[in-house]
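What follows is a set of notes on a single structure, which appears directly below.
Keep in mind the model is a prediction, meaning the values are calculated, not measured.
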Amino acid sequence: MEKYLLVLAILAVFLAVGRSATEEDDGLDFKHHRYTELEQILRKTAEAHPDITRLYSVGKSYEKRNLWALEISDNPGKHELGEPEFKYIGNMHGNEVVGRELLLDLVQYLTAEYKKGNQRVRSLVDNTRIHIMPTMNPDGYEKAADMMESGKKDWLTGRANAQGIDLNRNFPDLDRIVYRMESLGGPNNHLEDGVSQQLLKSVNKKRVAPETEALVAWIEQYPFALSANMHGGDLVANYPYDESRSGRSQEYAKCPDDAVFKRLARSYSLNQPEMSDPNRKGCDMDNGDSFVDGITNGADWYSVDGGMQDFNYLNSNSFEITLELGCDKFPPASQLKKAWKDNKESMLAFMEQVHTGVKGVVTEAGSEKRGNDQKKGIADATVKVDSINHDITSAHGGDYWRLLVPGEHLVTASAPGYKSQTKKCVVKEDSPATICDFQLEKDNSIDDLLREIDSYVE
């Protein structure tokens, strides 16, 4: 009997240890995944959770590999009115792989925890349309992985796509346009729609990679409000602008939403223990960069033209930051568990920032009285915040999301053919986004003028 009880006790301890280890790992397999394995994980996750996922391809790489994205939402495949859209992108540089593995971990974690009833995860998934692309550069990754398996290691193999194009220097250089517009008083957002083709041609890259073309179309297709692009080689959260105004290699390039971006960057860095550690030595031990709170303005670190981060800000409604996730671009698999532990809370906290600031719907006043069950949403309405020279636009149904720091903000909604409306919207600390709806009245002044001209002619 005593022997039997001893066996039961040992078994109980064994099970407890096994369970705690599994819980600590979140049930994840920490290893590097080649392209076929990445596909298998995404397909398996989508098949296991069809009620909250949709796997789709954004396009193809130069070597015809799919650029997979997994949508996670309580209504996958559908934009819900009032629900913001968020994206994470990893592995833009093929040899910078930590983000790729973290995003594979994240899709498995979110779907599994949603099924378990994790309230934080359920709130995120039920109230956000999440899109996750683990690799933007699958061709480059395969080259980098081949090199690593051969026992070699360098700083550049696999960084570019299969054409040798650096994807983070391949987007239209809209910074150069917005810097001109600052002095001329021209458009400050959605620049590809607001300036001449001749001006656009002057900043477009001569050779555009298929990966870049696919991402540009993706960014323009969905009403993303917030996103992050994961890199490696340092440990810092980088925010716009990435390109200096003067052309200097280092210069703080403040964008209109500088305060908002600092807050967004800190939401990630301050939850990442190493990134925010003031005593951490830089990646270059002899001349390491020092980042206060683990964040940096892009151009103040080093100037980049044609980056994806600034393209998002200047040609869509998406506020994007760039995350550098470690000194070692392609670390051994033994370090991936620590990377998940260090970045898990940061990834969740950053996603939750999409629910801050102000949000609402821009509709036509009185439209519900003209035989409609619902108010008519006004698409592409301009939403302007007083004292911030960067506007956003409403989505197809008239809904909008405007990330802002806490405080009082005068917000104006306007659209062609309608009278503008201004409201004071108060954003509170640690509170969900403030709802500021707008009902715009039809502006009949032009119609009245035309009728008056017609009567005069008659």
Taking all non-hydrogen atoms of both residues into account, name the closest pair between [X] and [Y] and its distance.
X	Y	value
Leu325	Leu102	CD1-CD1, 3.8 Å
Asn168	His93	CB-NE2, 3.7 Å
Gly158	Asn137	O-ND2, 3.8 Å
Pro76	Asp74	CD-C, 3.6 Å
Ala144	Thr157	CB-O, 3.6 Å
Pro256	Ile388	O-CG2, 3.7 Å

Side-chain donor-acceptor pair present, [X], [Y], cut-off under 3.5 Å:
X	Y	result
His190	Ser316	no
Glu243	Ser303	no
Ser227	Ser318	yes
Tyr35	Glu39	yes
Asn271	Ser346	no
Lys153	Asn95	no
His231	Glu96	yes
Asn188	Asn389	yes
Lys205	Asn170	no
Asn317	Trp401	no
Gln309	Asn238	yes
Tyr252	Asp258	yes

Does any non-hydrogen side-chain atom of [Y] lie less than 4.5 Å from one of [X]?
X	Y	value
Ser73	Ile52	no
His79	His396	no
Gln272	Asn343	yes
Ser269	Phe350	no
Glu192	Phe311	yes
Ile89	Trp218	yes

Donor-acceptor pair, [X] side chain versus [Y] backbone, under 3.5 Å?
X	Y	result
Asn312	Met308	yes
Glu101	His33	yes
Thr128	Val125	no
Glu211	Tyr62	yes

Look up atom NZ in Lys87 and atom CE in Met351, then write down how far apart they are to the nearest 0.5 Å. 13.0 Å
When rounded to the nearest 0.5 angstrom, what distance separates CG in Leu103 from CE in Met230? 4.5 Å
Test Arg34 against Asp146 for salt bridge (Lys or Arg N to Asp or Glu O under 4.0 Å), laying out the working first. CA-CA 10 Å; Arg34 300 293 289 249; Asp146 285 344; 2.6 Å; yes
Carboxylate-amine/guanidinium contact [X] [Y], below 4.0 Å:
X	Y	result
Arg129	Glu80	no
Arg263	Glu429	yes
Asp257	Arg402	yes

Arg65 vs Asp139, salt bridge (Lys or Arg N to Asp or Glu O under 4.0 Å): CA-CA, chis, key distance, verdict: CA-CA 7 Å; Arg65 293 182 175 92; Asp139 300 349; 2.7 Å; yes
With a 6.0 Å cut-off on the ring centroids, do [X] and [Y] count as close?
X	Y	value
Tyr56	Trp68	no
Tyr88	Phe86	yes
Tyr114	His49	no

Determine the interplanar angle of the Tyr313 and His390 rings, folded into 0 to 90°, and report it as parallel if under 30°, tilted if 30 to 60°, perpendicular if over 60°.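 Ring orientation of Tyr313 relative to His390: parallel.
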Going by the angle between their ring planes, with limits at 30° and 60°, are Phe261 and Phe319 parallel, tilted or perpendicular? parallel
Is there a side chain to side chain contact (heavy atoms under 4.5 Å, CB included) between Leu110 and Leu348? Walk through the geometry before answering. CA-CA 10 Å; Leu110 290 175; Leu348 296 173; 4.1 Å; yes
Pair Arg120-Glu113, salt bridge (Lys or Arg N to Asp or Glu O under 4.0 Å): steps then yes or no: CA-CA 9 Å; Arg120 184 184 187 185; Glu113 290 299 307; over 6 Å; no
If you draw a 6.0 Å radius around NZ in Lys428, do more than 12 non-hydrogen atoms from other residues or ligands fall strictly inside? no
Heavy-atom count around Tyr179 OH within 6.0 Å, excluding the residue itself: above 12?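 Above 12, so yes.
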Salt bridge (Lys or Arg N to Asp or Glu O under 4.0 Å) for Lys338 and Glu274? Distances and angles first, verdict last. CA-CA 11 Å; Lys338 182 179 185 302; Glu274 287 195 31; 2.3 Å; yes
